[in-house]
Amino acid sequence: MRRIDLHVHTTASDGTFSPAETVSLAHSLGLSAIAITDHDTVSGYSEAAAEGRKLDIEVIPGIELSTNYKGAVHILGYFIDPAHPELCRELQQIIDERDSRNRRIAARMQDDGINVSYDAMKERFGGSIGRPHFAEILMEHHLASSTADAFRRFLNKGGQYWIPRTLPSLEQCITLIRAAGGIPVLAHPFEYTYQQKSLPELIEVCMGFGLQGIECRHSIHDTGQMVYLEHLADEYGLLKTGGSDFHGEVKPDIRLGCGKGLLSVPEIWLDELKRAKQQS
Ligand code: AMP
Ligand code: FE
Ligand code: FE
Ligand code: ZN
């Protein structure tokens, strides 16, 4: 059986492996296809695709957008056109907004005597900067012992260095992905603060905006949750997807292709995604 992973971050956002390194790692693990789903950017795709052609691994252009709907919600987009003008324009706005939030986090750290320059961070990390990069800075200043510790103590909602982002709406995220030729999928439904009982409502709202799939298999979903989500997807006639949400060293317990060890994503789910793309 060919193994695939449809949820992968690189240094283009908050992963720690470059797009080429990620594809090369996928190759060494025997994967046949991966989707690059960086937060708010498609800038990692072309490098990953070039490496994919070299190593004969299929690389799918994707994205992960953050929004709020009674709490945090993430929407994945598959087979988007990375050069789509409206997509590029909207992503630039999201990135600019992220940038101004980041500058405020850095300023707050400086006020507390932490020697951090946001321009230097941009130079060093490249790509789309996020809280995991600030976690790195906090660790370097011995203020946190790990990424998780930095989030827990400083970067989560309510923490000293938590500054909310102004996000596109749920409808905007889904519409934008579709406008760029992509297939919108509700990411890791059990990572949110939703109770299981309110998930159908969220799915129905998303479907009203054009949602086409649910990420059923994910590193943080337990077996019961995965079975439940696959059942929900079938009931609603939605596509099923899955992936590890690999981020490299910032989430050391999550491995490419197998998540916390047992994750596997049926290749037929990718075939069905492709069929939906052809029909759209
Ligand atoms: P941002 O988009 O800059 O607000 O950062 C959010 C990102 O931080 C998420 O997409 C996760 O990848 C990452 N993140 C959130 N919580 C944690 C955590 N406890 N440990 C590592 N990474 C985290
Ligand atoms: Fe992330
Ligand atoms: Fe996510
Ligand atoms: Zn992700």
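One-based numbering, in listed order, for ligands and for the atoms of each. In this chain, residues are counted from 1 in sequence order. Please read these numbers as outputs of a predicted model, since none were measured by experiment.
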Members besides Ile57 in its Ile/Leu/Val/Met/Phe/Trp/Tyr cluster (side-chain heavy atoms under 4.5 Å): Val8, Phe17, Val23, Leu25, Leu29, Leu31, Ile34, Ile36, Tyr45, Leu55, Val59, Phe246, Leu256
Protein contact to atom 11 (C) of ligand 1 [nearest heavy atom, distance to 0.1 Å]: Lys251 NZ, 3.5 Å
Carboxylate-amine/guanidinium contact Arg89 Glu86, below 4.0 Å: no
Flag side-chain contact, heavy atom, 4.5 Å: Val185 against Leu239: no
Among Arg101, His133, His39, closest by any non-hydrogen atom to atom 3 (O) of ligand 1: Arg101
Ile174 and Cys206, any side-chain heavy atoms less than 4.5 Å apart: yes
Region of Asp14 engaging ligand 1 - heavy atom pairs below 4.0 Å: side chain
Between Asp5 and Ser244: side-chain donor-acceptor atoms closer than 3.5 Å: yes
Element-labelled atoms of ligand 1 that are located less than 4.0 Å from some non-hydrogen atom of Gly130: 3 (O)
Common cluster, Leu229/Val73, ILVMFWY with side-chain heavy-atom separation under 4.5 Å: yes
N or O contact, Arg98 vs ligand 1, cut-off under 3.5 Å: yes
Shared hydrophobic cluster, Leu211 / Ile80 (ILVMFWY, side-chain heavy atoms < 4.5 Å): yes
If only protein N, O or S atoms under 2.8 Å count, total around the Fe ion (ligand 3): 3
Member of Phe154, Tyr118, Tyr161 meeting the side chain to side chain contact (heavy atoms under 4.5 Å, CB included) criterion with Met109: Tyr161
Atom indices of ligand 1, in the order listed, that fall short of 4.0 Å to a heavy atom of Thr147: 20 (N), 21 (C)
Under-2.8 Å protein N/O/S neighbours of the Zn ion (ligand 4), ordered by chain then residue number: His7 NE2, His9 NE2, Glu64 OE1, Asp245 OD1
Let me check something: any side-chain donor-acceptor pairs from residues 121-140 under 3.5 Å, sequence neighbours excluded? List them with distances.
| residue | atom | partner | partner atom | Å |
| --- | --- | --- | --- | --- |
| Lys122 | NZ | Asp99 | OD1 | 3.4 |
| Lys122 | NZ | Asp99 | OD2 | 3.1 |
| Arg124 | NH1 | Glu140 | OE1 | 3.2 |
| Arg124 | NH1 | Glu140 | OE2 | 3.2 |
| Arg124 | NH2 | Glu140 | OE2 | 2.5 |
| Ser128 | OG | Arg98 | NE | 3.4 |
| Arg131 | NH1 | Leu155 | O | 2.9 |
| His133 | ND1 | Gly130 | N | 2.9 |
| His133 | ND1 | Gly130 | O | 3.4 |

Taking atom 5 (O) of ligand 1 as the reference point, the nearest protein heavy atom with its distance: Arg131 NE, 3.5 Å
Arg152 near ligand 1 by a heavy-atom separation under 4.0 Å: no
For Pro132, atoms of ligand 1 separated by under 4.0 Å from a heavy atom: 5 (O), 8 (O), 13 (C)
Ligand 1 atoms in contact with Arg165 (distance to a heavy atom under 4.0 Å): 2 (O)
Protein residue, atom and distance nearest to atom 15 (C) of ligand 1, heavy-atom basis: Phe151 CE2, 3.2 Å
Numbered atoms and elements of ligand 1 in range of His247, under 4.0 angstrom, heavy atoms: 12 (O)
Shared hydrophobic cluster for Ile214 and Phe209 (ILVMFWY, side-chain gaps under 4.5 Å): yes
Between Glu64 and His188: side-chain donor-acceptor atoms closer than 3.5 Å: yes
ILVMFWY cluster, Tyr228 and Met207 together (side-chain gap under 4.5 Å): yes
Straight-line distance of Ile163 CD1 to Arg101 CZ, nearest 0.5 Å: 8.0 Å
Val42-Leu65 co-clustered via ILVMFWY side chain contacts under 4.5 Å: yes
Ile220 side, atom CD1; Asp253 side, atom CG - distance, nearest 0.5 Å: 11.0 Å
